[in-house]
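In what follows, every heavy atom counts, from backbone to side chain, and hydrogens, waters and symmetry copies are set aside. Only a predicted model underlies this, so the values are computations on that prediction, with no experimental measurement involved.
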Amino acid sequence: KLNLNLIQLTNQLCDLQLTEIITSLQERHPNPFCRFGRKGFSQTDEDGLTFEIIRRIGIDSGNFIEFGVGNGTENNTLALLGANWRGVWAGGEELSFSTNKTDRLYFSKERITKSNILNIYDNGLEKLGVENIDLISLDLDGNDFFFVEKLLTSKIQPKIFIVEYNAKFPPPMRFSINYDENHVWDGTDYYGASLCTFNDLFEKFDYFPVCCNAATGANAFFVKREYREKFQEVPNDIESIYAEPNFNLYKSFGHRISTRTIETLIGE
């Protein structure tokens with residue numbers, strides 16, 4: 001019992017230290033919007049940024065598609081299910097829970113390529129019974145830029161895009177891996193695309209960058225330019241949007257994730 005209490009105390013102190021570090025990163029970042037970052041079911045502080053964006057845009061209960069969701073216990077859209085959203089997940093990994101008993105979340109288990117991503121999207125619209133998607137999140141550790149490009153050029157342009165960027169390449173650096181349908185991330189820096197490369201693409205389709213998550217510098221948030229006036233504090237220069245990589249900041253945080261919690265969120 002004594003050892004258990006010591007472990008619990010150590011975990012609490014680690015969580016407190018992490019909170020202080022993340023708060024410092026958010027407050028020192030040149031983009032004030034980063035301070036809305038909070039961790040729920042996202043990898044780091046993405047959930048808070050997402051909720052503030054949809055609050056300003058005025059989406060009460062929207063819909064989403066996320067490409068690359070892992071086993072379903074940690075991603076960028078799980079928290080939205082708890083806010084009465086509906087959505088589609090797609091990825092090559094098995095989920096750690098079933099979605100068979102809910103009509104708010106549909107899962108497509110398949111490896112995503114340029115050849116099938118539009119079919120996955122169209123099937124998702126059909127499952128949800130909607131004509132458009134409010135938010136797309138994409139985190140596939142490799143060909144992400146090419147998938148985003150395929151969606152955008154196919155006139156799939158949601159209000160919000162969340163993309164993983166390669167933060168090793170700060171502005172004004174431009175970088176993207178070559179498209180490889182069989183790419184598997186090997187743990188090196190050869191993955192994805194730089195923030196500037198993504199920004200160049202999104203600008204062509206009337207998006208602007210709202211923020212990157214300050215905690216780890218892993219995800220960037222782009223919103224349709226028609227909503228720009230709702231984000232007055234957001235800087236106009238990409239250098240002030242960029243966040244440096246702090247990929248090892250989170251090892252664990254808070255209580256362990258229970259699949260029963262997730263099943264409750266999705267209405268199982």
Student: Tell me, with the steps shown, if L80 and I54 meet side chain to side chain contact (heavy atoms under 4.5 Å, CB included).
Tutor: CA-CA 10 Å; L80 291 175; I54 64 176; 3.9 Å; yes
Student: Using every non-hydrogen atom in the two residues, find where H183 and D141 come nearest and quote the distance to one decimal.
Tutor: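 Closest approach of H183 to D141: NE2-O, 3.2 Å.
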Student: With E164, which residues qualify under side-chain hydrogen bond (donor to acceptor under 3.5 Å, both in side chains), at least two apart?
Tutor: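 With neighbours one apart ignored, the set is empty.
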Student: Quick one: do F169 and C196 satisfy side chain to side chain contact (heavy atoms under 4.5 Å, CB included)? Show the steps, please.
Tutor: CA-CA 9 Å; F169 304 93; C196 274; over 6 Å; no
Student: Is there a ring pair (Phe, Tyr, Trp, His ring centres under 6.0 Å) between F33 and F231? Walk through the geometry before answering.
Tutor: CA-CA 8 Å; F33 193 87; F231 299 87; 5.7 Å; yes
Student: List the steps, then state whether side chain to side chain contact (heavy atoms under 4.5 Å, CB included) holds for L138 with L151.
Tutor: CA-CA 11 Å; L138 203 147; L151 293 168; 4.3 Å; yes
Student: Step by step, work out the ring pair (Phe, Tyr, Trp, His ring centres under 6.0 Å) result for Y207 and F202.
Tutor: CA-CA 5 Å; Y207 285 85; F202 278 112; 5.3 Å; yes
Student: What distance do F64 atom CZ and L128 atom CG have between them, rounded to the nearest 0.5 Å?
Tutor: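 Interatomic distance, F64 CZ to L128 CG, rounded to 0.5 Å: 8.5 Å.
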Student: Using the test salt bridge (Lys or Arg N to Asp or Glu O under 4.0 Å), find all partners of R174 that sit at least two apart in sequence or belong to another chain.
Tutor: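 With sequence neighbours excluded, R174 shows a salt bridge (Lys or Arg N to Asp or Glu O under 4.0 Å) to D200, given in chain and number order.
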Student: Verify side-chain hydrogen bond (donor to acceptor under 3.5 Å, both in side chains) between T44 and T216, making sure each step is shown before the conclusion.
Tutor: CA-CA 7 Å; T44 53; T216 51; 3.1 Å; yes
Student: Consider side chain to side chain contact (heavy atoms under 4.5 Å, CB included). Of I241, V223, I238, N199, which one does F208 pass it with?
Tutor: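 Filter result, single survivor: V223.
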Student: Assess whether atom NZ of K168 is packed by more than 12 heavy atoms of other residues, nucleotides or ligands within 6.0 Å.
Tutor: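 No - once you tally the heavy atoms of other residues, nucleotides and ligands closer than 6.0 Å, there are 12 at most.
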Student: Identify the two heavy atoms, one from A167 and one from Y191, that lie closest to each other, and give their separation to 0.1 Å.
Tutor: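 Of all heavy-atom pairs spanning A167 and Y191, the closest is N-OH, 4.3 Å.
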Student: Rounded to the nearest 0.5 Å, how far apart are CD of E46 and CG of D139?
Tutor: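 These two atoms lie 9.0 Å from each other.
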Student: Would the number of heavy atoms belonging to other residues, nucleotides or ligands and lying under 6.0 Å from CD of E244 be above 12?
Tutor: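 It does not: E244 CD has 12 such atoms or fewer within range.
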Student: Closest approach of S61 and N84, non-hydrogen atoms and distance?
Tutor: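 What the structure gives for the nearest pair is CB-O, 3.3 Å.
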Student: Does the pair K39/E74 count as a salt bridge with the N-to-O cut at 4.0 Å?
Tutor: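 Here K39 pairs with E74 in a salt bridge, since their nearest N and O are under 4.0 Å apart.
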Student: For Y165 and D144, run side chain to side chain contact (heavy atoms under 4.5 Å, CB included): C-alpha distance rounded to whole Å, both residues' side-chain angles, the deciding distance at 0.1 Å, then the answer.
Tutor: CA-CA 8 Å; Y165 69 103; D144 304 54; over 6 Å; no
Student: Go through it in stages, so that I can follow the logic: the residues are T99 and T102, the test is side-chain hydrogen bond (donor to acceptor under 3.5 Å, both in side chains), and I'd like the CA-CA distance, side-chain angles, deciding distance and then a yes or no.
Tutor: CA-CA 6 Å; T99 61; T102 180; over 6 Å; no
Student: Could you pull out the closest heavy-atom pair between A215 and L25, with the gap in Å?
Tutor: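 Answer, listing the atom of A215 first, then L25: O-CD1, 3.5 Å.
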Student: Tell me, yes or no, whether the heavy-atom count around Q232 atom CD, taken from other residues, nucleotides or ligands under 6.0 Å, exceeds 12.
Tutor: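 Yes - once you tally the heavy atoms of other residues, nucleotides and ligands closer than 6.0 Å, there are more than 12.
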Student: With sequence neighbours excluded, tell me which residues meet side-chain hydrogen bond (donor to acceptor under 3.5 Å, both in side chains) with D186.
Tutor: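 Counting only residues at least two positions away or on another chain, D186 forms a side-chain hydrogen bond (donor to acceptor under 3.5 Å, both in side chains) with T188.
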Student: Looking at R260 and E263, is any side-chain nitrogen of the basic one under 4.0 Å from a carboxylate oxygen of the acidic one?
Tutor: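 Salt bridge flag = no for R260 with E263.
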Student: Is it true that the NZ or CZ of K114 lies under 6.0 Å from the centre of Y179's six-membered ring and within 45 degrees of the ring axis?
Tutor: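 Relative to the ring axis of Y179, which defines the angle, K114 lies inside both limits.
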Student: Can you name the nearest heavy-atom pair linking I156 to F161, along with the distance?
Tutor: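 Distance-wise, the nearest heavy atoms are O-CE1, 4.3 Å.
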Student: Taking the side chain as everything from C-beta on, heavy atoms only, tell me whether Q26 gets closer than 4.5 Å to R38.
Tutor: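 They are in contact (side-chain heavy atoms under 4.5 Å apart), so the answer is yes.
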